[in-house]
Structures are given as structure tokens and as C-alpha cells.
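Since the structure comes first, as C-alpha cells, the remarks are kept for the end.
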Amino acid sequence: MKYNFREIEKKWQTYWAKNQTFKAENSSDKPKYYVLDMFPYPSGAGLHVGHPLGYIASDIYARYKRHKGFNVLHPMGYDSFGLPAEQYAIQTGQHPAITTATNIKRYREQLDQLGFSFDWSREVRTSDPKYYKWTQWIFIQLFNSWYNKRSDKAESITSLMAVFEKEGNINIQAACDEDTPVFSSEEWKGLSASEQQQLLLKYRLTYLADAEVNWCSALGTVLANDEIVNGVSERGGHPVIRKKMTQWMMRITAYAQRLLEDLDNIDWPQPLKDAQTNWIGRSEGASVTFNVIPSKDVEALEATGDVATSRTSVSHKIEVFTTRPDTIFGASFMTLAPEHELVDKITAPEQKAAVEAYVEATTKRSERDRLADVKTISGVFTGAYAEHPFTKARIPVWIGDYVLAGYGTGAVMSVPCGDQRDYDFAKHFNIPIPNIFEGVDISEEAFADKGNTIIANSDFLNGLDYPQATRKVIAALEEIGQGKGKINYRLRDAVFSRQRYWGEPFPVYYDSQGMPQMLPEACLPLELPEVEKYLPTETGEPPLGNASHWAWNTETFEVVANTSVDYATVFPLELNTMPGWAGSSQYFNRYMDPGNEAAIFSPEAINYWQDVDLYIGGSEHATGHLLYSRFWQKFMYDRGWAPKKEYAKKLINQGMITGMSAFVYKDQDKNVLYSKSLTVGKEVIPLHADVTLVNSSDELDIAGFKTFRPEFQDAEFVLEEGKYVVGREIEKMSKSKYNVVNPDQICEDYGADSLRLYEMFLGPLEQSKPWNTAGITGVHSFLKKLWKLYRSVDDSTPTPEHLKTLHKTIKKVEEDIENFSFNTSVSTFMICVNELTAQKCTSKAVLEPLAILVSPYAPHIAEALWEGLGHTESIAYEPFPQFEEQYLVESTKEYPISFNGKMRFTLELPLDMDKAGIEAAVLAHDRTAKYLEGRTPKKVIVVPGKIVNIVG
RNA sequence: GCCGAAGUGGCGGAAUUGGUAGACGCGCUGGAUUCAAAAUCCAGUGGUAGCAAUACCGUGUGGGUUCGAUUCCCACCUUCGGUACCA
């Protein structure tokens with residue numbers, strides 16, 4: 001009987017669905033194991049062969065764990081809010097929900113045909129009100145929480161209010177806004193309700209703030225830093241500018257230190273941890289306050305030369321952050337960011353025009369321009385001076401765009417001898433460069449090596465190295481009240497508002513004072529309303545401003561809010577929606593109890609499943625989803641809802657499968673296309689050709705190409721050796737590059753099992769690799785051979801050779817799966833089948849366990865073979881075979897040999913060989929003999945199966 | 001610039017703690033089968049020299065450690081990711 005993969009795969013997919021073979025229960029005698037994939041955004045283009053790579057790997061592991069006796073949770077869902085569906089709605093008017101539903105249906109068909117063992121009964125969709133009810137719920141919890149730095153966790157806002165009542169905020173240590181004033185219990189009580197709310201906003205974990213945001217006018221929305229690539233939007237590549245807007249923010253910075261520290265406790269790829277570490281960007285140093293000398297005093301100072309007079313009339317303070325407080329005596333100027341709030345206040349009248357012109361020029365420059373020419377040094381003197389905290393010398397205050405408003409305090413003390421940017425700036429504007437390092441030449445460049453520093457010309461720091469000087473100067477600064485040790489993070493609070501339609505609505509309304517209020521939980525979900533059009537309103541409101549009717553639980557709201565007025569007008573609702581990462585930040589926990597309508601998940605469910613054991617997905621989410629979700633998890637942990645600080649023990653980044661694009665070369669001026677090697681010395685424009693029009697020897701189907709691109713109907717094709725040869729280049733798989741290979745066609749031609757095996761066979765899971773369909777015949781013919789092997793199975797006793805082949809395979813496959821080296825186990829299967837075929841093995845005792853081994857990789861054929869062996873149940877839960885060493889050493893035994901603890905090699909020796917024989921064999925070993933020449937070993941120590949020590 | 005990953009046949013890639021480099025697959029060559037093709041099966045396939053046995057050279061480059069290095073150390077080159085004036 002022929003290997004009819006179409007029939008087999010269809011049959012077993014139906015069987016699994018019908019019998020709910022992979023449904024996971026929330027309790028079991030078996031140990032639990034949770035295998036998670038990053039759920040996809042269902043795009044209109046459907047899946048290409050690159051998408052399932054991680055899903056195949058996780059499916060193999062999930063199936064393997066079932067064979068190993070675990071209760072496996074392996075869910076799948078859709079991250080179904082997002083921009084493309086909305087853009088499509090703007091263009092066509094079709095509601096994003098319809099687009100999304102259609103796309104999901106298509107995704108589901110494609111996923112189903114690959115034979116994944118997902119528990120579909122737990123599917124979630126982030127755009128489903130039943131799901132986003134809980135996204136809104138988390139938002140409310142964040143709003144009702146503050147971060148207590150003493151207990152180092154998030155706590156309920158009511159505990160903070162209780163403290164305010166009692167003693168104000170004098171003893172509170174919290175993650176809060178920089179500008180939070182100090183107040184007493186009396187002052188607090190004296191405030192109006194909305195003034196109190198205003199203050200509380202400074203503490204809440206999600207808060208409303210005027211933030212400098214990345215505004216993309218083409219998309220009509222703000223973007224997070226990780227949604228911007230090279231200064232343009234990740235989606236669409238539109239320009240992005242800085243703009244101040246009132247936005248919902250997430251106080252992720254409260255968790256900066258814990259997000260950093262806990263990286264040590266999770267088994268995630270080092271490059272990904274490094275990316276998060278850099279993104280959080282912890283730097284240790286000091287904050288130092290410089291007093292600005294009022295400009296009227298400056299002239300007096302110059303006249304008298306009396307530095308001390310300025311002490312009495314200090315007005316403004318400049319706070320800076322520095323990682324090198326030890327170099328404070330080398331500070332010869334200060335630089336403020338052009339956006340710094342003091343710029344207006346301290347600029348001297350005679351410099352006003354120049355400063356204003358400079359500020360104007362910088363704000364006009366787009367982020368992109370600023371990035372493009374980082375090498376140009378620019379800046380302007382403010383005419384103001386600050387006073388050195390120790391020497392009391394006057395230091396000129398400059399502004400320069402190399403100082404960023406968004407980092408630290410937006411101001412630096414410039415130490416040209418110790419920092420290259422300060423050095424370049426000083427050189428450019430002829431500012432003195434005092435040298436404060438012992439025995440270092442700074443005539444050409446700054447000296448920034450803090451490991452080799454001995455401080456000089458620095459008063460009480462002379463002769464100290466970096467750590468000593470740092471400690472001493474911080475102590476001195478604290479003493480005079482002009483600074484302290486400080487840890488600064490690059491991580492910013494996350495902007496959480498998007499001016500889009502297709503996202504989660506905020507469960508927020510604004511009261512008569514304009515203060516944000518959370519909807520009562522009973523009103524959730526606040527459903528996304530219907531709108532006439534998906535663009536901003538005429539008044540510039542986000543698309544939700546077009547909504548006339550909001551679908552929310554009005555009755556409940558009336559009861560809870562105790563009002564029966566027409567709140568839709570009295571209480572305006574928040575019109576922004578949440579960003580893409582909102583829905584994906586707790587989905588892994590929702591899978592544990594997806595149908596729960598009373599809670600995001602039950603305590604029983606999360607206490608049973610705890611956390612994800614294995615998470616597989618792309619590394620592109622390193623500083624987005626994978627950071628935000630860790631943040632929310634820690635919040636859920638702090639508030640007692642989740643039992644684990646980290647939600648994923650182990651994470652693997654699967655590599656990208658790239659496409660092999662094909663190019664034709666058009667003459668720049670004429671309608672002539674040159675074959676690849678004829679382009680030398682010609683001005684040609686490379687154009688993408690559809691890869692399906694190119695055969696395996698890179699020859700273009702010219703007739704097909706003319707149909708594909710009719711504008712070349714009459715073009716002249718210049719051939720080489722009678723062929724038009726295309727150029728090849730490896731690029732990301734994308735519709736626009738015409739290099740997409742579709743899994744449907746491959747399933748049709750070779751079957752899902754072949755595709756699964758081949759995707760694994762392509763190379764190491766974590767490596768990116770180009771797709772090349774040609775090689776699939778290899779794994780496909782392996783499956784055919786496997787099928788053939790099971791044609792005549794009998795109860796014959798396996799020979800030692802059969803058993804050796806089998807157990808060798810068991811051992812290798814198990815090791816490979818545990819190490820995620822799926823590519824090499826496919827090779828192992830091929831070797832196994834070739835050997836068993838050559839050995840004419842028909843023994844059920846060998847073929848039965850082999851079917852189980854193959855089952856995680858090629859589940860359909862494994863089920864069919866299993867059935868052929870006379871079983872009536874699915875193979876999915878059969879115990880994984882155990883290998884036995886004895887079968888591997890049937891005829892010979894391998895002795896790894898260690899010589900003087902140094903020399904090591906492996907000898908294959910007969911099992912019954914005695915010591916003398918082994919010694920002789922060791923001496924006969926040619927490489928050993930070479931070394932042993934002239935040195936007679938006294939004895940050979942044999943530890944069976946382990947080590948042979950030759951003592952010379 | 002900084003951080004990270006990786007360089008092995010014509011191609012994708014194997015190689016346990018340092019121990020016969022190139023497993024397995026693709027491709028290619030030759031053969032069997034066939035009227036012919038597809039499919040299948042068998043043999044060969046890193047380079048150079050040689051009829052051959054065999055010899056020499058070979059894991060990005062140059063050094064080093066070692067009886068022995070794809071593997072460990074140092075320097076450099078290249079490619080790919082991430083990040084970018086972070087004080």
C-alpha cells in the first residue's frame with residue numbers, strides 16, 4: 001500500500017479534533033508542563049513557511065512531554081487587535097472585526113492542516129470583549145496601585161491614601177513623578193477631592209501625563225520607542241516627530257531594577273537578556289546640583305574678581321546626572337538640552353537671540369535628521385554661569401543638542417578631559433580642557449578609561465582611583481547638600497495611549513472636574529463602539545470620537561455610579577485605545593482559565609499551572625512584548641494574583657526563515673533585461689521577479705514573467721547560453737518581494753509531516769536560514785521508506801543489530817529533543833530507517849517504539865503506523881521508549897581513555913577483553929603509540945565503561 | 001561607535017568534556033530498471049597529485065597552548081542581528 005499522506009493526515013486531524021485528544025485538564029495526577037507559542041497577529045496574507053517554524057518546534061516538544069507522562073498545556077490564540085485591519089477599514093470601510101474574523105478563519109485552516117496538538121478549547125482572541133474585559137480590568141488595577149519602594153512592590157492605592165491622611169507624604173518612598181510636592185496630613189485633608197486625585201495620579205502605576213511622545217501624523221497616532229525603527233514608524237515607514245500630548249502612561253520604571261535583576265533567574269537566551277539589559281540601561285553615578293550665578297552678579301564678579309559675592313544671591317539650580325562624579329574638578333562648562341526648562345530663565349539678554357534661534361532650529365529638525373548627522377557639533381552659550389560646588393569657580397552654561405532632554409536630567413556637567421563628546425564640544429568652541437588625570441596625554445582625545453584612572457589637580461581627590469574618588473566625592477556632596485549617589489535608568493515610562501480605533505477602549509470616563517475615573521468593574525467590558533469612519537474626527541479627536549453609541553452595561557453603571565443622568569454627554573469617555581502590547585501582556589495566564597467570566601483566572605487554575613515552562617517565539621519582541629509582559633506579571637505577583645515573579649522559565653527564540661528573492665536586471669534607459677552575468681559594467685536596475693517563475697538552476701520562465709509584469713511584454717531579453725539567469729539574494733520573506741513560499745502548496749505536494757520534518761531539518765532552530773523547497777524530497781522519501789518498513793510486521797525476535805539501531809536512535813532522539821536540536825534527530829531517523837531496511841527488520845518489538853519516537857515530529861504517519869500495528873487508541877500518550885545501554889554495547893564496548901588526566905580518546909574494544917588485552921589495545925592505538933614511544937606505561941587502570949588511566 | 005551571534009565541500013548543515021572533520025539531506029556523476037519518462041534502487045562525490053595503493057593540503061586570517069585544536073587562548077578580517085550623542 002502506498003504512503004497516501006493526504007488521506008492519512010486528513011483522517012487523523014479529524015480524529016484528534018473529534019476526540020479532543022489534546023484537551024488539557026486543570027488537574028491531573030501527572031506533573032504539569034506548559035508549552036507556549038507567541039500567538040500570531042492574523043494578517044491578511046496568511047501564513048508563509050516561515051511562520052510555523054516555532055510552532056512546529058513547540059509542538060514537537062509538547063508531544064514529547066505528553067509521551068513522557070506530563071499533563072501538557074499547549075494553547076493557541078490570536079493577537080487580533082492591530083493596525084493592518086484598521087488601515088484596511090480606512091481604505092475599504094469594512095469593519096476591522098470582519099477582516100479579523102476572516103483572517104482568523106484562514107489562519108485556523110492553515111494551522112490545522114499542519115497537525116498541531118493545540119488545545120483549541122482554550123483559544124483566546126485579544127479583540128474579543130470577553131477577553132479584553134480582563135485587559136481593562138488589569139488597567140483598573142494598575143490605576144488603583146502605587147509602587148512602595150520600602151516594601152519594593154506594588155500596593156493598593158488605598159494604603160497610600162491612609163498614610164496621606166495620617167502623616168502626608170513626608171515618609172513615603174514611592175515611584176512617582178519627579179515634581180511631586182511634599183505635603184502634610186493637614187495639607188492633604190485641606191485639598192478638594194479633585195486636587196487629591198491630581199496628586200494621586202503622580203503615584204498611580206498608570207497615570208495621565210503630558211508626555212513628549214513620538215507622533216506619527218501619517219498613521220495619526222503616537223508610537224512607542226520600540227515601534228520606531230531608524231527614526232520612522234515600524235509599520236509603513238512614516239516619519240515620526242516629537243510632540244507633547246496628554247497620554248496614559250505606564251509606570252514601568254518602578255520595576256526597572258527588578259526587571260533587570262530577575263533576568264538572572266530565567267533561562268532565556270543571553271542575547272535577549274542583553275537586549276533587555278541595554279534597554280533598561282542602568283547606570284550608577286551621582287546627581288549633582290550646580291547653583292546658577294544670576295546674570296546681574298556676573299558683571300560684578302568680573303569687576304571685583306570676588307567669587308564669594310555670588311553666594312548670597314543664588315536663584316536657579318541645575319541638576320545633572322553623571323556616572324563620573326570623580327571627575328567633577330575637570331568640569332569646565334555645563335551643557336543643557338535645548339528643551340531644558342531653565343534655558344529661558346537663565347539666558348542672558350545679550351545671548352537671547354542666539355539661544356532662541358538655536359532652540360528653534362533644533363525643534364524643527366526631525367529626529368531622523370538629528371540622527372543622520374550626529375557628527376556635527378553645534379551649541380550656543382547662554383551667557384549664564386554656574387558655580388562649581390567645591391572650587392566655587394564660575395562655569396559657563398551652554399546648550400547643545402548632544403544633550404538629550406529625555407535622559408537623566410537633560411543637563412550635564414561637561415568634563416572635556418574625560419568624555420569624548422564634551423572634549424569635541426570644548427575643542428569646537430575653544431573652551432578650556434583642564435587635565436585632571438595623572439600621567440595622561442589629552443592633547444588629542446579624552447581619556448575615558450575609568451579602570452586606569454588616578455585623579456590629579458582635584459583638591460581632596462588627588463591620588464585616588466575611580467572607586468575611591470567616587471565614594472569620597474559623593475560623601476562630600478552629601479555633606480554640602482549638593483548631590484548624592486544615584487542610579488539612573490534609560491528605561492522610560494511607557495506611553496499607553498493610541499489614537500486608533502481597533503484596540504481596547506480604556507475603562508475610563510472623566511468627571512465634572514475633568515478628572516479620570518475608572519468604570520466600576522461591573523460595567524466591564526466597555527465594548528468598542530461602532531463608528532461611521534475610522535479616521536480622527538474633524539476636531540482632531542481619535543476615531544472613537546465618532547462613536548454615537550457606546551455598548552456598555554448602562555444599567556449596572558447607573559446603579560454603581562448612582563446616577564441616572566445622560567452620562568454619555570455628562571461624562572465624556574476616554575477616546576484613546578490601548579496599544580498593541582496590552583492584550584499580549586497577560587494572555588499566557590488567561591489560557592489557564594480562558595472561559596472564566598468572574599475573574600481573569602481562578603486561583604486554582606493559576607496555582608495549578610503556575611507559569612510557562614517553555615516559551616518559543618521571535619527575538620524581535622525583546623524590548624517590546626517580552627519586557628512589558630514581565631512588568632505586568634510582576635505587578636500581578638505583587639498584588640497577589642499570580643504566584644510567580646516571572647511567567648516563563650525558559651524561552652527560545654526561533655530563527656527567521658528568510659526568502660530567496662530573484663532579480664532581473666533592467667537597463668536604466670532602455671526596455672532591455674540582461675541576464676545576470678551580462679550586467680557587468682552596465683547601469684541596471686534590479687527588479688524582483690516572482691520566485692515561482694524561476695527553476696532550480698536560476699533560469700527565468702520568460703513567458704511567465706511577461707504575464708507577471710505585462711510592461712515587459714515587448715522588452716528585449718538578453719540571454720546567456722540560451723537562458724535568462726536571475727540574480728539571487730536572501731531577504732525577509734514578504735509579499736512585496738515576491739519570494740513568499742506558501743505552506744498550503746507544500747502540504748498538498750508532500751504533506752504536513754514532510755513539511756514539519758523539513759522545517760526542522762533545515763538547520764538549528766535558533767538560527768535564521770533561507771528557505772529552499774528543493775531539499776524537501778529528502779525527508780519526503782524518508783517518510784516513504786518508513787511507511788514501507790511497516791508493510792510486513794511480525795512478532796519475530798529482534799536481532800542484537802536491530803536492537804542496537806533502535807536504542808541508538810532512542811538515545812539520540814531523546815537527547816536531541818531535550819537540547820532542542822531537532823535538526824539532527826531528523827538525520828538520526830533517516831539513518832535508523834536505512835539501517836533497519838538494510839537489516840530487513842520486521843520485528844514489532846522494534847517498530848512499535850520507533851513509531852512513538854517519530855510521533856512528535858511526524859504525528860500523522862505515526863498514528864497511521866500505530867493503527868497498522870493493531871492499536872485502536874491514539875499514539876499521543878504512549879510512554880516514550882527508554883533506551884538501554886546494554887543494547888548499545890552488544891558487540892563492542894567504548895572506553896574513553898584518559899592518559900595522565902590529560903590525554904583522552906575512545907577505543908572500541910570487545911566486551912570480554914581483559915586488562916592485559918586493553919593495555920595492549922591502548923598501546924596498539926596508533927596515535928597513542930606515537931606519544932608513548934620511549935615511555936613505558938607502568939599500568940593501565942580500567943574503570944569499566946568509564947575511564948582507562950595509563951600511568952606512565 | 002557600543003552590545004550580541006556567526007564564519008566548515010557546489011548548497012543546508014553534523015562532529016559529546018580537545019581525540020579518525022565533512023554525519024544526514026540536497027545537488028552532481030556513473031550504473032540498474034524502463035519503449036521512454038517519472039518513481040525506485042546501487043555506487044561515487046572536500047581539494048591537489050597519481051592508473052592505483054597512497055601522499056600532501058584542508059573548518060574566515062595570523063599567532064599561541066597541546067602528543068593532538070572546527071573545539072581552548074590572543075590579535076585581526078568578514079557577515080548578520082540589536083542599539084545608537086545615555087552623560
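Per chain, numbering begins at 1; letters A, B, ... match sequence-line order.
Among the heavy atoms of the strands, none lies under 4.0 Å from Asn488(A).
Set against C24(B), A87(B), A14(B), the side chain of Met830(A) has C24(B) as its closest nucleotide. Here the nucleotide nearest the side chain of Val412(A), chosen from A87(B), G25(B), A14(B), is A87(B). Here A14(B) is the nucleotide among U83(B), A14(B), C26(B) with the atom lying nearest to any side-chain atom of Thr824(A). Nearest nucleotide to the side chain of Ile831(A), out of C24(B), A87(B), U83(B): C24(B).
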Please write out each protein N/O paired with an N/O of nucleotides 3-12 of chain B under 3.5 Å, distance rounded to 0.1 Å.
residue	atom	partner	partner atom	Å
G12(B)	O2'	Leu762(A)	O	2.4

Protein-nucleic acid N or O pairs under 3.5 Å, nucleotides 73-79 of chain B:
none

Nucleotides 40-44 of chain B: which of its N/O atoms have a protein N/O under 3.5 Å away?
residue	atom	partner	partner atom	Å
U40(B)	OP1	Lys784(A)	NZ	3.4

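Both distances falling under 3.5 Å, in either a Watson-Crick or a G-U wobble arrangement, occur for no nucleotide opposite G58(B).
Ionic pairing of Glu284(A) and Arg282(A) is present here: one or more N-O contacts between side-chain nitrogen and carboxylate oxygen are shorter than 4.0 angstrom.
Nearest-nucleotide positions on RNA chain B for Glu815(A) and Gly778(A) put Glu815(A) closer to the 5' end.
Between atom CG of residue Asn834(A) and atom CZ of residue Phe782(A) there is a gap of 9.0 Å, rounded to the nearest 0.5 Å.
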